[in-house]
Amino acid sequence: MSNTTPRARKAKPATKTPGTRQRLSAQEREQQILDSAIAFFSKRGLDGQTRDLAREIGITHPLLYHYFPTKKALIERVYQQVYLGRWKPQWEEWLDDDSLDLEKKLVLFYQDYACSVMTPEWVRILIFSGLSDGYIPDKYLSMLKTKLFPRIVRETRRHLGIDDESPATEREIQLVWGLHGGVFYMGIQQWVYQLPTPAEIEPIISDRVKAYVAGAFALFAPHGDTATGRRTTNADLERPSAQT
C-alpha cells in the first residue's frame, strides 16, 4: 500500500461563459453605457439605433433603457460629459484678466481649448448632431455666445481703445467666428476629412490670433484720417470707395 498522499488538484481558472454580462455596480454600468454611447455616436452618428448600441455593449435593450429611459436622455448625458464637462471656468478667468494683453490671453485660451476639445468624439458628434437634429450644436453654440464671444469682443474693444459697452455688432461676431472657426477647423481636418494635421498646433494658433488682432485693428480701430483730420467711423469703412 503506498504511503504517498494524493496531490490536491489545482483549481481551474474560472472561465467566463460566452454572453455572460460582467457584474457591475449601478454607477459603473451607467458609466459603461455612457462611454460606449460616446464612441458609438462618434462612429455612427446620432441617428444610430440604441438597440445596436446595446448589442455592442453586450447588454439587453431593456437594461439600457433602465438607465436612460429615452434616447434624448442619453444624448443629453453625452452632451454634459463631452462638452460641458470639458469647459474650464479658468478660461473665462484668463479672458477677464486685465494684466494680460489681448493677443496673449487669446493664445493662452485657444491653445488650452484646442488641447481639451480636439478629440474625435468632440468633433464628430458635434458635426453629426448638426446634420441631424442640431440639438448639441444649438446648446453648445448658445454657451459660446454667452460665455466666450462677448468676452472676446469686449477685450478686443478695450485693446483698440474703443469705449463701448453696447452689444457686439454682427461684424464683430463674424470676425470672432473667423478666429474660433479657424481653430475648430483643425479638428475637422483630422477627424472628418482624415487629413494630416500639424505636429505642433501652438504656432498655428498663434498665427490665427495675430491675424484676428490685425483684422480687428484694420476694421474697427478709430484711425485718424490725415487728410481730413477726423476719425474714421464704421460708416466710413462700409461706404463704397469713390475710386474705380
- Message: With rounding to the nearest 0.5 angstrom, report the CD1 to CD1 distance, Ile136 to Ile127.
- Response: 11.5 Å
- Message: side-chain contact (heavy atoms from CB on, under 4.5 Å), that's the test. Do Arg154 and Asp96 meet it? Break it down for me.
- Response: CA-CA 9 Å; Arg154 181 197 66 205; Asp96 292 340; 2.6 Å; yes
- Message: I'd like to check Gln31 versus Tyr67 (side-chain heavy atoms, cut-off strictly below 4.5 Å). Are they in contact?
- Response: no
- Message: Applying salt bridge (Lys or Arg N to Asp or Glu O under 4.0 Å) as the test, list every pair that has at least one member in residues 107-123; sequence neighbours left out.
- Response: Arg86-Glu121, Lys88-Asp112
- Once you round to the nearest 0.5 Å, how far does CZ of Phe41 lie from OG of Ser132? 10.0 Å
- Task: Give, for atom OH of Tyr79 and atom CE of Met143, the distance between the pair rounded to the nearest 0.5 Å.
- Result: 5.0 Å
- Query: Is a salt bridge present between Asp47 and Lys71, judged by a nitrogen-to-oxygen distance below 4.0 Å?
  - Reply: no
- Message: Measuring centre to centre across the rings, with the benzene-like ring taken for any Trp, is Trp122 within less than 6.0 Å of Phe184?
- Response: yes
- Will you find, in the side chains of Gln80 and Glu76, an N or O donor that is under 3.5 Å from an N or O acceptor? yes
- Message: Quick check: do Met118 and Gln190 have side-chain heavy atoms less than 4.5 Å from each other?
- Response: no
- Item | From NZ (Lys139) to CG (Leu144), nearest 0.5 Å | 13.0 Å
- Taking the side chain from Ser36 and the backbone from Ile57, do they hold a donor-acceptor pair closer than 3.5 Å? no
- How about Trp87 and Tyr113: do any of their side-chain heavy atoms sit closer than 4.5 Å? yes
- Check: Val82 and Leu126 side chains under 4.5 Å, non-hydrogen atoms: no
- Task: Mind jotting down which residue pairs meet the ring pair (Phe, Tyr, Trp, His ring centres under 6.0 Å) criterion with at least one end in residues 142-165? Sequence neighbours excluded, please.
- Result: Phe149-Trp177, Phe149-His180
- Is the shortest heavy-atom distance from the side chain of Phe220 to the side chain of Leu175 under 4.5 Å? yes
- Note on the structure: Nearest heavy-atom approach of Val78 to Ala37 is CG2-CB, 4.3 Å
- Task: Provide the full list of side-chain hydrogen bond (donor to acceptor under 3.5 Å, both in side chains) pairs with a residue in residues 198-217, sequence neighbours left out, each pair given once.
- Result: Thr156-Tyr212
- Message: If I compare all heavy atoms of Thr50 with all of Leu64, which pair ends up nearest, and what's the gap?
- Response: O-CD1, 3.9 Å
- Query: Is there a donor-acceptor pair under 3.5 Å between the side chain of Lys147 and the backbone N or O of Pro89?
  - Reply: no
- Does Met186 reach the side chain of Val123, with side-chain heavy atoms less than 4.5 Å apart? no
- Leu95 vs Leu148 side-chain heavy atoms within contact, under 4.5 Å: yes
- Can you tell me which residue pairs pass the salt bridge (Lys or Arg N to Asp or Glu O under 4.0 Å) test with a partner in residues 51-66, sequence neighbours excluded? Lys43-Glu56, Arg44-Asp52, Arg44-Glu56, Asp52-Arg55
- Distance-only donor-acceptor check, side chains Arg29 and Gln32, under 3.5 Å: yes
- Item | Inter-residue atom distance Lys105.NZ - Asp98.CG, 0.5 Å rounding | 6.0 Å
- Those residues at least two apart in sequence (or on a different chain) that pass side-chain hydrogen bond (donor to acceptor under 3.5 Å, both in side chains) with Thr146 are none
- Does His61 have any ring pair (Phe, Tyr, Trp, His ring centres under 6.0 Å) partners at least two apart in sequence or in another chain, and if so, which? Tyr65
- Query: Do the side chains of Thr197 and Ile204 get nearer than 4.5 Å, heavy atoms only?
  - Reply: no
